[in-house]
There are 2 protein chains.
Amino acid sequence: MKRNSRLSLALHTLGHMAGDPDRMRTSADIAKHAGTNPVVVRRVLGKLREAGLLTSEKGHAGGWRLARAPDAITLADVYLALDESLVATAEQEAASACSVENILQKKVASVLEDIERSLVERLAATTIAEVR
Amino acid sequence: MKRNSRLSLALHTLGHMAGDPDRMRTSADIAKHAGTNPVVVRRVLGKLREAGLLTSEKGHAGGWRLARAPDAITLADVYLALDESLVATAEQEAASACSVENILQKKVASVLEDIERSLVERLAATTIAEVR
DNA sequence: ATTAACGCAACAGCAAAAGTTACATTAGCC
DNA sequence: GGCTAATGTAACTTTTGCTGTTGCGTTAAT
Ligand code: FES
Ligand code: FES
């Protein structure tokens, strides 16, 4: 697991959680499985918690758990929770003096928006219950 | 022009070329317009030449020119010529022991392939003659 | 012969992502 | 109450890919 590691890490972890939703997992456990560092895990899962997909508990018997049923969490939920996008975003700059630049900007931005939308649609069709 | 600079640079340059196809441009000219370095321009345009979209000539009166009519070059041609993809590619690693990983890999890869295909389709609908 | 261009390779600088360390806080357990 | 094991966060370091830069060889017009 190398690239796009945040998303990979998140999906992989949720996939395993979906297979045994009641078990509480610590960031150290998860990190060991994923071959990374507990802090990285907490960083990523923290975003999923903010999005309401996971809950975490501090203290002695703490750890991480799904916040909803596995079949109520789609890949799109995860993708959107980390706001990192798989489609390069064409950030719009203040309209330049160059007409070529402006026209291109519009064309490309509109294509990318459509593509992004359809990507999310596709991801929404699969739940993490289906990937374990 | 900051991000995804290779594609931006390429499209922008071709857009301008489409407006005056017979004029020969040097990498230094182009670099000045694009606010970058001639070597960077040659790197990018070199790929477009390999793909048959441009021709370059060395020597004193050398420079760059379109290899075909502007309305015969689509944005998709340019996108494909630089093999840099706007959709993050889910590189496949040797099937791991973990079934979650394998299933995810397949799902995500297939989605991304579809998305990439449809992106290229969309880009193929516009020629550089339309963006000047 | 000179000049102005490309081609290419090697190197330097930079910025974003990942990993690491450190420490405060929290909650169960004896 | 004190110990232990967990999260939460901030700061720092390392890695990595991209951009930009320099240098030099090659080519062709003048
Ligand atoms: S990571 Fe999927 S099995 Fe350990
Ligand atoms: S860059 Fe488009 S006008 Fe100079």
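Being a predicted model, the structure only gives us computed values, none of them experimental. By convention in this document, chain letters (A, B, ...) are assigned in the order of the sequence lines, proteins followed by strands, and residues within each chain are numbered from 1.
Shortest non-hydrogen contact noted between Leu7(B) and Val78(B) is CD1-CG1, 4.1 Å. The minimum heavy-atom distance between Thr55(B) and Ala67(B), with the atom names listed, is CG2-CB, 3.9 Å. Contact record, Thr26(A) with Trp64(A): C-CD1, 4.3 Å, taken as the closest heavy-atom pair. Here the shortest heavy-atom pairing between Asp77(B) and Arg68(B) reads OD2-NH2, 3.3 Å. A pairwise comparison of heavy atoms in Pro70(A) and Ala18(A) identifies CB-CB, 3.7 Å as the closest pair.
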N/O contacts under 3.5 Å, protein versus nucleotides 28-30 of chain C?
| unit_1 | atom_1 | unit_2 | atom_2 | d |
| --- | --- | --- | --- | --- |
| dG28(C) | N3 | His60(A) | ND1 | 3.3 |

Could I get a table of every N or O pair under 3.5 Å where one atom is in the protein and the other is in nucleotides 20-22 of chain C?
| unit_1 | atom_1 | unit_2 | atom_2 | d |
| --- | --- | --- | --- | --- |
| dT20(C) | OP2 | Asn37(A) | ND2 | 3.3 |

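Contact annotation: Ser27(B) reaches the phosphate of dC6(C) (side-chain N/O to OP1 or OP2, under 4.0 Å). Contact between the side-chain N/O atoms of Ser56(A) and the OP1/OP2 oxygens of dG8(D) is found at a separation under 4.0 Å. For Ser5(B) and dT19(D), the shortest distance from a side-chain N or O to OP1 or OP2 is below 4.0 Å. Distances shown here put every side-chain N or O of Arg25(A) at or beyond 4.0 Å from the OP1 or OP2 atom of dA6(D).
Taking the charged nitrogens against the carboxylate oxygens, Asp29(B) and Lys32(B) have no contact shorter than 4.0 Å, which rules out a salt bridge. Ion pairing of Arg65(A) with Asp20(A) is absent here, as no side-chain N (NZ or NE/NH1/NH2) approaches a carboxylate O to less than 4.0 Å.
Rounded to a whole Å, the NZ atom of Lys47(B) is 11 Å from the P atom of dT19(D). Summarising the geometry, the separation between CD1 on Ile30(B) and P on dA5(C) is reported as 12 Å, rounded to the nearest angstrom. To the nearest angstrom, C1' of dG17(D) lies 15 Å from CG of Asp83(B). The CG atom of Leu9(B) sits 12 Å away from the C1' atom of dT19(D) (whole-angstrom rounding). Between Leu7(A) atom CG and dA17(C) atom C1' the separation is 15 Å, expressed in whole Å. As a whole-Å value, the separation of Leu82(A) CG from dA18(C) C1' is 15 Å. Rounded to whole Å, the distance from CZ on Arg49(A) to C1' on dA6(D) is 13 Å. In this structure, the NZ atom of Lys32(B) is 14 Å from the P atom of dA4(C), given to the nearest Å.
End-to-end axis angle of the helix from dA1(C)-dT30(D) to dC30(C)-dG1(D), using five pairs per end and rounding to 10°, comes to 0°.
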Determine, step by step, whether Val108(A) and Val111(A) satisfy the side chain to side chain contact (heavy atoms under 4.5 Å, CB included) criterion, reporting the C-alpha distance in whole Å, the side-chain angles of both residues, the deciding distance to 0.1 Å, and the verdict. CA-CA 5 Å; Val108(A) 173; Val111(A) 169; 5.7 Å; no

Evaluate Thr13(A) against Val44(A) for side chain to side chain contact (heavy atoms under 4.5 Å, CB included), listing each step before the verdict. CA-CA 10 Å; Thr13(A) 303; Val44(A) 172; over 6 Å; no

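One hydrophobic cluster, built from ILVMFWY side chains closer than 4.5 Å, cannot hold both Leu45(B) and Val39(B); they sit in different ones.
With hydrogens and angles ignored, the 3.5 Å screen pairs no side-chain donor or acceptor of Glu113(A) with any backbone N or O of Ser110(A). Judged by distance alone, with hydrogens and angles left aside, the side-chain atoms of Glu101(A) form no donor-acceptor pair with the main-chain N or O of Cys98(A) at under 3.5 Å.
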